[in-house]
Amino acid sequence: MKSSGDCQRIKRVEGLAGTLPVPGDKSISHRAVLLGSISHGISRVRNFLRSQDCLSTMRCMKALGVEIIEPNGSTLEIGGVGLHGLKEPQDVLNVSNSGTTIRLLSGLLAGQEFHAVLTGDDSIRRRPMLRVVGPLREMGAKIFGREDGRFAPLSIMGSDLNPSSYTLPVASAQVKSALLLAGLYTTGETVVKEPAPTRDHTERMLRCMGKEVKSSDGNIAIRGGGELSPLDLEVPGDISSAAFFLVSGLVCPDSQVTIRGVGVNPTRTGIIDVLSEMGGNISVANERAEGGEPVADLQVESSELRGIDIHGGMIPRVIDELPVIAVAATQAKGKTVVRDAQELRVKETDRIRASVEELSKLGAKIEESDDGFSVEGPTELRGAKCHSHDDHRIAMALAVAGLVAEGETNITNADCVDVSFPNFFETLTNLAR
Ligand code: S3P
C-alpha cells in the first residue's frame with residue numbers, strides 16, 4: 001500500500017495476519033463530548049477518537065465555552081458547565097463533514113438562551129436537516145435554514161421548549177438523540193418512538209450519568225431538568241471501523257485477524273450477524289462491559305462466503321457497513337440483495353450510487369435499485385482507478401476490494417479516511433503479508 005498525493009495504491013495481498021485494536025467508537029466519542037460538556041463536573045474520557053468528525057464536535061463545544069483539555073493523545077478532560085452553562089458562540093459553528101455533530105447539536109442548542117449558527121462542508125450542506133428541524137420546531141424551537149430549514153446553514157434562536165411525543169418516520173439515531181437532548185431542556189416527558197431499533201449510545205450514556213431513560217417497545221422516554229453526573233469512560237473500539245478488517249480477513253486467502261476491544265452493542269452488531277449468515281467464520285471472545293457498553297475481542301479467518309438477503313430491521317444495524325458488505329458480496333457465491341436501505345442515499349455521499357459505480361470499475365457484478373443494490377458473485381476483481389467520492393467509508397471499502405483485486409487499485413481523494421479512521425492505510429499495511 002503506497003500513497004502519492006491524495007491517491008492510495010493498493011495491491012493484492014497473499015493474506016492478512018495479526019492482532020490489532022481499532023480506534024475508539026465515533027458515535028460514542030461524539031456523545032461523550034456533548035454530554036460531558038453539559039454535565040456537572042469534570043468528565044474523563046479515554047480512547048477518544050481523534051478523527052476529523054469528533055474533533056469537529058470538540059471544536060464546537062469549545063466555541064460554546066466548554067474547557068476541554070487533552071492530557072495525552074486520546075484522553076480528554078471535559079469541564080462540564082451543567083445544562084445551563086453553555087455560552088453564545090462568537091462565530092458560526094462549523095461541523096465540517098459531521099452529520100452527527102450538526103444533528104445532535106441542533107437538539108442541544110434549541111433549548112439554550114442564545115443564538116447560534118451551524119454550517120458544514122459541501123456534503124453537509126446537501127444533507128437533509130428537516131428530519132431534525134421539523135420535530136424540534138414542534139417542541140417550540142426557533143430554527144431557520146436554507147429552503148425553510150431543509151438544509152444547513154441552520155440558525156438556531158434558543159427558546160423555551162415543550163416536551164413532545166414524536167414518531168420517527170425513518171429510523172435514525174441522530175434524530176432520536178437530538179430530540180432526547182432537546183427533551184432535557186423541557187419540564188415534562190419527551191417520548192421518541194422508533195420504527196426499528198437504532199444505536200442506543202445516547203440512552204446508555206445518559207443512564208451512566210444518572211439520568212433515567214425509559215425504553216420499551218420502541219418508545220424512548222426522558223424527563224427534562226436535573227443534573228448529569230460527569231463521565232468516567234473508556235470508549236470501546238468502533239465496530240464500524242472493525243468491519244473493514246472483518247471483511248478483509250474473510251475474503252483474503254490464508255488470513256487470521258484478531259481485533260481487540262470492539263464495542264458489541266446489539267444495535268451495532270448487524271455486521272457480525274450478516275457476515276456469519278454469509279458463512280463467515282467470526283468468533284466473539286472475552287466479552288466484558290465498559291461504561292455501560294458491551295465490549296469483546298473479534299477473531300476472523302478466511303471463509304467461503306455465500307450470498308444472502310439483507311433488509312427490514314437489519315438495515316439500521318448495518319447502515320454504515322453496507323459499502324463493505326457489498327465488497328464481501330463480490331466474493332460470495334450466489335446473489336446478495338440489499339433492500340430498504342434508501343437512507344444510504346443521504347449519507348456523506350449517495351452510498352448506493354458510489355458503491356455501484358466504483359465496484360463496477362473493478363469488475364463487480366453489482367446493480368443499483370432505488371433502495372439498495374444486488375451483487376452476483378463470486379467475481380475475480382481487477383485493479384482499476386477508483387474515486388472515494390470524498391466519503392471515508394467508500395474509500396475504506398475500496399481498499400478492502402483492492403486487497404483481492406488482480407494488479408493495482410488506485411483510490412483518489414483517499415485522505416477522507418481521517419473522518420473516522422486516521423492511519424487506516426498504515427494499519428492495513430501492517431497486517432498484509
Ligand atoms: C449515527 C447514526 C447513523 C449513522 C451515523 C452515526 C450516530 O446515522 O449512519 O454514521 O452516531 O447517531 P442516522 O441517524 O442518520 O441513521
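Numbering of ligands and ligand atoms starts at 1, following listing order. This is a predicted model, so every value here is computed, not measured.
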* Worked verdict on His389 versus Glu358 for side-chain hydrogen bond (donor to acceptor under 3.5 Å, both in side chains) -> CA-CA 9 Å; His389 295 237; Glu358 301 308 317; 2.7 Å; yes
For [X], all residues meeting salt bridge (Lys or Arg N to Asp or Glu O under 4.0 Å), sequence neighbours excluded:
{"X": "Asp217", "value": "none"}
{"X": "Arg103", "value": "none"}
{"X": "Asp350", "value": "Arg345"}

* For ligand 1, what are the residues with a heavy-atom contact below 4.0 Å? ->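 Shell around ligand 1 (4.0 Å, heavy atoms): Ser27, Arg31, Thr100, Arg103, Ser172, Ala173, Gln174, Arg199, Ile319, Asp320, Lys347.
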* To do: Take Ile28 and Leu233 through the test side chain to side chain contact (heavy atoms under 4.5 Å, CB included) and record every step on the way to the result.
  => CA-CA 10 Å; Ile28 297 176; Leu233 174 72; 4.2 Å; yes
* Can you find a side-chain donor-acceptor pair between Ser172 and Arg131 that sits under 3.5 Å? ->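 Arg131 and Ser172 do not have a side-chain donor-acceptor pair below 3.5 Å.
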